[in-house]
Amino acid sequence: MTEHDSTTNTARLIGTANRGFAQHAQEEVRRLIPGVKFRTLVPTETFLAEAPGSWEEISEAIRAQEPIFLRHMQPVQGGRVLSGTDEDILAAAELASELGGLHAGSSSAVQVRIADGTEVPYGASDVRAACEIAMSEATGAETLVRHADKILSVYVGHQAIYAGVSAPEENLSDWSGGAIRFQREENQVSRAKFKLLEAERKFHLHFADFRKAVDVGAAPGGWTSLLLERGLHVTAIDPAKMHPSLIKHPRLTYHGKNAADVKLREGEFDLLVCDMSWSPRQMSRLILDLLPALQSGGTAVITAKLMHKKPFQTVKELKQDFEGHLELRQAKQLFHNREELTLYFVKK
Ligand SMILES: C[S@@+](CC[C@H](N)C(=O)[O-])C[C@H]1O[C@@H](n2cnc3c(N)ncnc32)[C@H](O)[C@@H]1O
């Protein structure tokens, strides 16, 4: 049995959020796309959405006001009922050769996800290899891992296999399911570094273009280490100890104190980062006191803990707290955020 989309003006897509946050992502999508209907694929994480319009229109409307919690979306232009046997690999390859959107001379990448809890005797790499062969035979399109013109996204769910072709930017993230991975380095100071690396990409920041940063709640120093690597002078504030590998760095100034007890020079910094794991209201009070040290037009990247699961209220309150001081450019729950969000502001 096949599950083809007809040529009617209804599009289907798979949306993915961090575990526990799909309901918030759906709420945001519902505000942007009236009439959308949802079906759960993996509880609290992945869902199928059906909405009036084309994939391009829906993707554009969603990207124009990017939701905080929707990490990734991919079109569903075809599907097959899951057999749970190796036949599925063949079915996915068939889908790959049938789908439109690819042509000779363009490059493509194949991204395959198998939903948690789907019991199948094959792995994502088996499906990907079969799809790559089928696609290049059908279209002559070259397959790449990154920076391809088009992505074929295959999702092996509990009951069906779904597939669709899109431009990478249409998906919100060009990583499969938005699960962006960074190489873990030897001697990496903390996993928290990945959060700032992801924020740098997501918000199109180029930290190397900044000069002087203050890192509030810096220990053990993952964020500080990234900013030092980018060539910045960093003032790190934390009563807890910084990692020994950083402490003698010639561009690091370390205040081993509570941030409330540190005096900073006015306009000294063009970047303020804060990853304090505090209640958002306490954090905003502390940051407001430090803000004179950030130049006008300077950038702030701040994580906000999500208390009591009322995220939209939290963002609203933070916007109010910083009103007149910081302009919120984007709030996003990054793949590397747990019960928190990352906020990107520019100082007024
Ligand atoms: C999640 S950790 C930061 C991790 C860091 N971004 C990294 O990459 O290694 C939170 C830090 O905030 C610090 N912190 C909490 N309250 C603080 C305050 N009032 N002033 C300065 N640092 C504070 C804690 O001591 C803790 O080290």
Side-chain angles (χ1 to χ4, degrees), residues 18 180-203 205 207-208 210 212-249 251-265 268-294 298-307 311 314 318 321-322 326 331-345:
N18 285 4
I180 183 165
R181 308 279 178 188
F182 298 103
Q183 190 99 34
R184 203 179 160 85
E185 303 150 0
E186 242 181 85
N187 304 323
Q188 187 168 314
V189 171
S190 71
R191 285 189 59 81
K193 181 179 185 182
F194 293 147
K195 275 194 275 185
L196 195 61
L197 268 168
E198 190 181 352
E200 185 182 32
R201 290 240 193 135
K202 185 71 208 176
F203 304 138
L205 299 168
F207 287 140
F210 291 81
K212 242 181 146 180
V214 56
D215 184 354
V216 186
W223 287 28
T224 288
S225 71
L226 175 64
L227 298 173
L228 290 170
E229 278 164 33
R230 295 285 188 263
L232 281 80
H233 289 262
V234 182
T235 295
I237 309 176
D238 201 311
K241 282 205 165 47
M242 297 295 279
H243 193 271
S245 65
L246 298 174
I247 208 72
K248 290 214 173 87
H249 196 290
R251 278 183 278 104
L252 175 69
T253 306
Y254 166 53
H255 298 287
K257 299 182 189 175
N258 186 318
D261 301 327
V262 176
K263 290 274 161 288
L264 299 170
R265 256 194 297 134
E268 191 180 347
F269 302 97
D270 54 359
L271 178 65
L272 180 152
V273 297
C274 172
D275 181 31
M276 238 173 22
S277 270
W278 262 21
S279 95
R281 291 322 270 277
Q282 281 177 302
M283 178 273 287
S284 63
R285 249 176 271 139
L286 191 105
I287 293 297
L288 276 172
D289 286 344
L290 295 174
L291 266 189
L294 184 64
T299 291
V301 177
I302 298 175
T303 46
K305 266 236 149 330
L306 290 175
M307 317 290 283
T314 300
L318 284 172
D321 290 351
F322 290 130
L326 292 177
K332 190 81 197 173
Q333 184 169 59
L334 304 173
F335 174 65
H336 289 95
N337 283 141
R338 292 292 165 247
E339 300 292 308
E340 59 186 16
L341 303 175
T342 301
L343 306 165
Y344 159 38
F345 295 98

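Counting convention: from 1, in listed order, for ligands and their atoms alike. Everything numeric here is computed off the predicted structure, so don't read it as measured data. Note: hydrogens, waters and symmetry copies are ignored here, and every other heavy atom, side chains too, is used.
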Worksheet item: Is there a heavy atom in Ala218 that sits closer than 4.0 Å to ligand 1?
Response: yes
Worksheet item: What is the nearest protein non-hydrogen atom to atom 8 (O) of ligand 1, stated with its residue, atom name and distance?
Response: Trp223 N, 2.9 Å
Discussion item. Quick check on Arg184: does its CZ atom have over 12 non-hydrogen neighbours (other residues, nucleotides or ligands) under 6.0 Å away?
Written reply: yes
Discussion item. Check the orientation of Phe194 and Phe182. Use parallel for under 30°, tilted for 30 to 60°, and perpendicular for over 60°.
Written reply: parallel
Practice prompt. Look at atom 16 (N) of ligand 1 and say which protein heavy atom is nearest, naming residue and atom and giving the distance to 0.1 Å.
Written response: Trp278 NE1, 3.1 Å
Worksheet item: Just by distance, do the side chain of Asp270 and the backbone of Thr299 share a donor-acceptor pair under 3.5 Å?
Response: no
Worksheet item: Which protein heavy atom lies closest to atom 20 (N) of ligand 1, and at what distance to 0.1 Å?
Response: Ala259 N, 2.8 Å
Worksheet entry | Identity and separation of the nearest protein heavy atom to atom 12 (O) of ligand 1 | Gly217 CA, 3.4 Å
Discussion item. If we check side-chain contact (heavy atoms from CB on, under 4.5 Å) with Lys195, which of these qualifies: Val301, Leu226, Asp275?
Written reply: Asp275
Worksheet item: Quick one: which ligand 1 atoms are inside 4.0 Å of a heavy atom on Gly222?
Response: 7 (C), 8 (O), 9 (O)
Worksheet item: Just heavy atoms, cut-off under 4.0 Å: does Ser190 contact ligand 1 by side chain, backbone, both, or neither?
Response: side chain
Worksheet item: Looking only at atom types and distance, does a side-chain atom of Asp321 sit under 3.5 Å from a main-chain N or O of Ser284, one as donor and one as acceptor?
Response: no
Worksheet item: Judged by non-hydrogen atoms, does Asn258 sit under 4.0 Å from ligand 1?
Response: yes
Worksheet item: Does Gln333 use its side chain to pair, donor to acceptor, with the backbone of Arg338 at less than 3.5 Å?
Response: yes
Worksheet item: Checking Trp223 side chain against Ala218 main chain: does a donor-acceptor pair fall under 3.5 Å?
Response: no
Fill in: Proximity winner for atom 2 (S) of ligand 1, if only heavy atoms of Pro220, Ala192, Ala219 are counted
Ala219
Discussion item. Closer than 4.0 Å to some heavy atom of Pro239 - which atoms of ligand 1 meet that?
Written reply: 21 (C), 22 (N), 23 (C)
Worksheet entry | Under 3.5 Å: N/O of Leu286 near N/O of ligand 1 | no
Worksheet item: CZ of Arg251: more than 12 outside heavy atoms within 6.0 angstrom?
Response: yes
Practice prompt. Check Val273, Leu252, Val214 against Leu227 for a side-chain contact (heavy atoms from CB on, under 4.5 Å) and give me the one that passes.
Written response: Val273
Worksheet, complete the sentence: heavy-atom search around atom 14 (N) of ligand 1 in the protein gives Met276 CG, 3.6 Å
Worksheet item: Does some side-chain heavy atom of Glu340 sit less than 4.5 Å from a side-chain heavy atom of Thr342?
Response: no
Practice prompt. Run down the list Asp275, Leu290, Val273 and name the one with the heavy atom closest to atom 10 (C) of ligand 1.
Written response: Asp275
Worksheet item: With atoms numbered from 1 as shown, which atoms in ligand 1 lie under 4.0 angstrom from a non-hydrogen atom of Gly221?
Response: 7 (C), 9 (O)
Discussion item. Taking a cutoff of less than 4.0 Å between a non-hydrogen atom of the residue and any ligand atom, is Asp238 in contact with ligand 1?
Written reply: yes
